[in-house]
2 protein chains.
Amino acid sequence: MTASHKLDDTFAALADQTRRALLAKLAEGEARVTDLAAPFAISLNSVSKHIRRLERAGLVHRRLEGREHFLSLSTRPLNEVAAWIEAQRRAWSDQLAALHEMLQGEDDVAKLAGRRGLRRVKK
Amino acid sequence: MTASHKLDDTFAALADQTRRALLAKLAEGEARVTDLAAPFAISLNSVSKHIRRLERAGLVHRRLEGREHFLSLSTRPLNEVAAWIEAQRRAWSDQLAALHEMLQGEDDVAKLAGRRGLRRVKK
DNA sequence: ATTATATTCATCCGACTGGGTGAATATCTA
DNA sequence: TAGATATTCACCCAGTCGGATGAATATAAT
């Protein structure tokens with residue numbers, strides 16, 4: 001549940017074009033809030049909010065130096081997301097492979113054609 | 001912009017534990033709305049809403065057969081998300097590599113230590 | 001001490017979300 | 001025809017989002 005909750009936050013943080021652009025910018029290196037906000041038409045405050053959201057998801061880290069706040073990327077959450085996706089894709093591929101194998105089997109084919117597909121997998 | 005908008009929808013659709021569980025279930029094969037809803041404590045209507053959201057993001061496809069609605073996975077959006085993440089991770093790795101190379105350089109080290117890190121990358 | 005810069009805090013707004021309930025629709029079955 | 005099943009539609013509610021604005025805070029520079 002905790003892991004899922006973290007994934008929730010990470011996915012939600014990534015579900016915004018502006019925030020993804022901020023992350024892409026940060027991939028070029030550390031940057032201050034003002035630097036990050038510069039290319040965007042929206043207000044500095046809005047960018048600040050976006051950054052807070054990215055922080056909450058653990059995607060960026062903040063380092064204070066005087067009045068300047070330096071942001072940098074954290075890759076762990078992104079790796080977790082990638083892992084989930086890969087697992088999902090693998091499961092999907094396995095299912096496709098199973099279907100393929102089934103279709104190559106001899107007697108099951110007729111039943112499959114008469115019936116409506118895969119379905120009854122669980123209970 | 002259109003691609004970004006699609007990514008927005010996909011990420012948003014994935015930013016929910018219930019919806020991710022639905023997708024995982026669908027990885028086992030086609031299923032009806034009722035079948036998908038069975039394991040969850042929430043109402044059937046809520047599940048129906050989640051499914052609609054997954055459909056909007058293009059993550060599932062619906063096939064009608066009489067009064068039954070059969071859902072199945074669509075992998076394209078997931079692939080797009082994976083591609084974005086991989087690009088991001090690659091950029092981040094490149095930046096790390098550049099830093100590493102810089103630290104192995106001779107004269108830049110002093111300036112780097114005195115100054116505050118990477119920062120001034122863009123302008 | 002004063003001014004300028006960097007950033008956040010406090011509010012407000014319209015829009016959307018996730019959950020619920022009850023009614024409506026459509027299809028299958030007896 | 002009547003009844004059961006599968007699914008959605010139409011609302012309601014509290015919570016959050018993304019954007020804006022204006023004020024507050026903290027640090028730096030003069």
Side-chain angles (χ1 to χ4, degrees), chain A residues 1 4-5 7-23 25-26 30-57 59-72 115-117 119-120 122, chain B residues 1 4-23 25-26 30-57 59-72 115-117 119-120:
Chain A
M1 299 172 189
S4 298
H5 188 266
L7 267 185
D8 277 17
D9 280 350
T10 308
F11 273 120
L14 292 173
D16 183 280
Q17 193 177 348
T18 301
R19 285 194 290 269
R20 288 198 303 277
L22 290 175
L23 290 177
K25 209 79 184 162
L26 282 178
E30 241 184 3
R32 298 177 307 156
V33 175
T34 310
D35 300 333
L36 285 177
F40 296 96
I42 64 180
S43 75
L44 188 64
N45 286 358
S46 293
V47 173
S48 179
K49 276 195 196 176
H50 281 302
I51 292 173
R52 212 175 317 154
R53 208 138 154 50
L54 290 171
E55 267 188 297
R56 203 176 72 193
L59 281 162
V60 312
H61 169 257
R62 186 187 302 251
R63 178 172 63 83
L64 292 169
E65 188 162 328
R67 60 181 170 178
E68 295 173 305
H69 297 209
F70 288 92
L71 289 314
S72 56
R115 218 48 192 86
R116 76 230 314 174
R119 190 174 175 189
R120 161 142 281 83
K122 203 47 174 290
Chain B
M1 297 173 191
S4 298
H5 187 265
K6 269 175 56 181
L7 268 186
D8 277 17
D9 279 351
T10 308
F11 273 120
L14 293 174
D16 183 281
Q17 192 177 348
T18 301
R19 283 193 292 268
R20 288 198 304 277
L22 290 174
L23 291 177
K25 209 80 185 162
L26 282 177
E30 241 185 3
R32 297 176 309 153
V33 175
T34 309
D35 300 334
L36 284 177
F40 296 97
I42 65 180
S43 77
L44 188 65
N45 285 358
S46 293
V47 173
S48 179
K49 278 192 196 178
H50 281 303
I51 292 172
R52 211 177 316 152
R53 209 138 153 50
L54 290 171
E55 266 187 300
R56 204 176 71 193
L59 280 161
V60 312
H61 169 257
R62 184 188 303 250
R63 178 173 64 83
L64 291 169
E65 188 163 327
R67 61 181 168 177
E68 296 171 303
H69 297 210
F70 288 92
L71 289 314
S72 56
R115 219 49 191 87
R116 80 239 301 179
R119 189 180 175 185
R120 163 141 281 87

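In what follows, every chain begins at residue 1, and chains take the letters A, B, ... in the order their sequences are listed. These numbers come from a predicted model, not from an experiment.
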> Tell me: CZ of B:Arg53 to C1' of C:dG19, nearest whole Å?
Replying inline: 14 Å
> Taking atom P of D:dC17 as reference, at what distance in whole Å does atom CG of B:Asp16 sit?
Replying inline: 14 Å
What N/O pairs connect the protein and nucleotides 10-13 of chain D at under 3.5 Å? Give each pair on its own line.
none

> Is the shortest side-chain N/O distance from B:His69 to OP1 or OP2 of D:dT8 below 4.0 Å?
Replying inline: yes
>> Can you measure B:Asp35 atom CG to D:dT7 atom P for me and round it to whole angstrom units?
In response: 7 Å
>> Please report the distance, rounded to the nearest Å, between CZ in A:Arg63 and P in C:dA6.
In response: 16 Å
> Quick one: A:His50 NE2 to C:dT8 P, roughly how many Å, whole number?
Replying inline: 13 Å
> CZ of A:Arg52 versus P of D:dG19: gap in Å, rounded?
Replying inline: 14 Å
> Does a nitrogen or oxygen in the side chain of B:Ser46 sit under 4.0 Å from OP1 or OP2 of C:dG20?
Replying inline: yes
>> Using whole Å, what does the distance between atom P of nucleotide D:dG19 and atom CD1 of A:Ile51 come to?
In response: 13 Å
> Atom CZ of A:Arg32 to atom P of D:dA26: distance rounded to whole Å?
Replying inline: 20 Å
Just the table, please: protein N/O against nucleotides 27-29 of chain C N/O, every pair under 3.5 Å.
| from | atom 1 | to | atom 2 | distance (Å) |
| --- | --- | --- | --- | --- |
| C:dT27 | O3' | B:Arg67 | N | 3.4 |
| C:dT27 | O2 | B:Arg67 | NH1 | 3.4 |

>> Testing A:Glu68, A:His69, A:Glu30 one by one against A:Arg63 for a side chain to side chain donor-acceptor pair (under 3.5 Å), which residue passes?
In response: A:Glu30
>> Closest approach to the side chain of A:Ser43, judged atom by atom: which nucleotide of D:dG18, C:dG19, D:dT21 is it?
In response: D:dT21
> At under 4.0 Å, does any side-chain N or O of A:Ser48 touch on OP1 or OP2 of C:dT7?
Replying inline: no
>> As a test of reading the structure: which of D:dT7, C:dG18, C:dT8 is closest to the side chain of B:Thr34, going by heavy atoms?
In response: D:dT7
